[in-house]
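Accompanying notes for the structure given below.
What you see is a predicted model, and the numbers here were worked out from it, not measured in a lab. Because only heavy atoms are used, hydrogens play no part in the values below, and waters and symmetry mates are left out as well, while side chains stay in. Counting convention: from 1, in listed order, for ligands and their atoms alike.
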Amino acid sequence: MTAENYVFPRGFVWGAATAAYQIEGAWNLDGKGPSIWDTFSHTPGKITNDDTGDIACDHYHRFSEDFSLLKQIGIKAYRFSLSWPRIFPDGKGTVNWLGLDYYDRMVDSLLALNIEPFVTLYHWDLPQALQDKGGWGNRDLLGYFSDYAAVAVKRLGDRVKFWTTFNEPWVVAVLGNLTGEMAPGFKDRKLTAQVAHNLLVAHGMATQAIRSIEPDVQVGIVLNLSPVEAYTDDKYQKMAADRAWNATSAWFLDPLFKGCYPPGALKDLAADAPVVQPNDFALISQKLDYLGVNYYTRTVIGPQGEMKKVPGSEYTEMGWEVAPEALGRMLVKMNSDYRLPPIYITENGCALDDQVVGEHVHDTRRIKYVHDHLAELRKTMRLGVNIRGYFVWSLLDNFEWAHGYSKRFGMIYVDYPTQKRILKDSAYWYSKVITHNEVHR
Ligand code: FCB
């Protein structure tokens, strides 16, 4: 590629992302109710080292300091999530105004620094009170979620222009209800399919609720998408890869952008197929203003239909293959399979074994990771895919769900005992990328 190929269009959104439970702490302060992640992390044996998000990065008290760091790096947009039980301690009914005031102050602080807020309504921390009513398997939650969305948009929608209903519904459904590695920690195939469906309908209902209050804001959903590729050209490996893509990514993309499930998908689920109500697909497939794509790695299917480690490939601390070109291939395929709205890459990054040396963290591999994904994105944009922005995961090291604090994804290092922040080399590098609107190493 020539040097010019690394220059991004003017107005490209350079961002960083976090999520409430992973950074806020203050799990029971100022009227917040418990979430399923409080319950899950307080259950011994669920999280590496039995870590919890009780304190996390203490962002609840330190957001001003963290926003100064955003500004110092030059980040233009900040993607964060609201904690539903901070706003509705019981999930519905009485609003906790202190919780809403907190997000109000955050939004004002961001805007004062000229940083665009991108707000996610649901990044996994369901109010425990609603889990006690059956969680996402219970259709009543769809209405409660819309009510919560409406309250948040009434308060913040005059200033927040970008709203996301759900972060990664696949993870919520499958890792929460099938493998059980995430909250609420069930292993139930039928429930999983119903939860996945209900989340999509909830997305549609909330989209309507948001637009009825603030018709001009941008509404989208964020999906975790991972291309499934065959290790060789073998026909059966390719078929297995296609089936796996249909069962994961297309399971969400098809309803959203085609108004139905992938062909054969419901039949494959047989008795576990979800109950679908007549108007559901119309709700799910409403026009979206943008699609958020979280991309970390690809899945490779080997000769026995197994997930294969690729010899010679680099893997991160999560055991995920570094595969920037697969991101481009996936986006090009999606662009031909669907009529897509503009895309934001809402998460991309890597966990590394970062070490502090003096006052520095030399995370050269993270710089290369982000560089290579950005270069691939720039190339993909030239192929006609409409990508508007990029959010690095993550601004700060944080509570990485079932892995607790053992995985560090941040461009800013957090020393948890002292809560001291150290900008890693990647943060200084990203700052230059943003200033020049150009990716170079
Ligand atoms: C995504 C989540 C995010 C973070 C990264 C590593 O699945 O959305 O919260 O944990 O993975």
Residue pairs meeting side chain to side chain donor-acceptor pair (under 3.5 Å), one or both in residues 307-332, sequence neighbours left out, come to E229-R329, R298-E321, S313-E321, E314-R365
Of the listed options ([options]), which comes nearest to [atom] when hydrogens are ignored and any heavy atom counts?
atom                   : options          : result
atom 5 (C) of ligand 1 : Y296, Y295, W124 : Y296
atom 2 (C) of ligand 1 : K407, H403, E347 : E347
atom 9 (O) of ligand 1 : E168, M318, Q22  : Q22

Within ligand 1, which atoms have a heavy atom of [X] less than 4.0 Å away?
X    : value
W393 : 3 (C), 4 (C), 5 (C), 6 (C), 9 (O)
W401 : 3 (C), 4 (C), 9 (O), 10 (O)
F409 : 6 (C)
N167 : 8 (O)
H123 : 2 (C), 3 (C), 8 (O), 9 (O)
E400 : 4 (C), 6 (C), 10 (O)

Please confirm whether the ring centroid of Y78 lies under 6.0 Å from the ring centroid of F67.
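Yes, the ring centres sit under 6.0 Å apart.
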Note: V151 and V95 closest approach over all heavy atoms is CG1-CG2, 4.2 Å
* To do: Verify ring pair (Phe, Tyr, Trp, His ring centres under 6.0 Å) between Y295 and H373, making sure each step is shown before the conclusion.
  => CA-CA 10 Å; Y295 177 81; H373 285 79; 5.7 Å; yes
With rounding to the nearest 0.5 angstrom, report the CG to NE2 distance, D50 to H42.
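If we round to the nearest 0.5 Å, D50:CG and H42:NE2 are 10.5 Å apart.
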Taken to the nearest 0.5 Å, the spacing of R408 CZ from H403 NE2 works out to 15.0 Å
What I want to find out is whether D38 reaches K32 closely enough, with some N-O distance under 4.0 Å, to be called a salt bridge.
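Yes, charged N to carboxylate O under 4.0 Å.
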Which one holds for V171 and ligand 1: side chain close, backbone close, both close, or neither close, with close meaning a heavy atom under 4.0 Å?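 Neither part.
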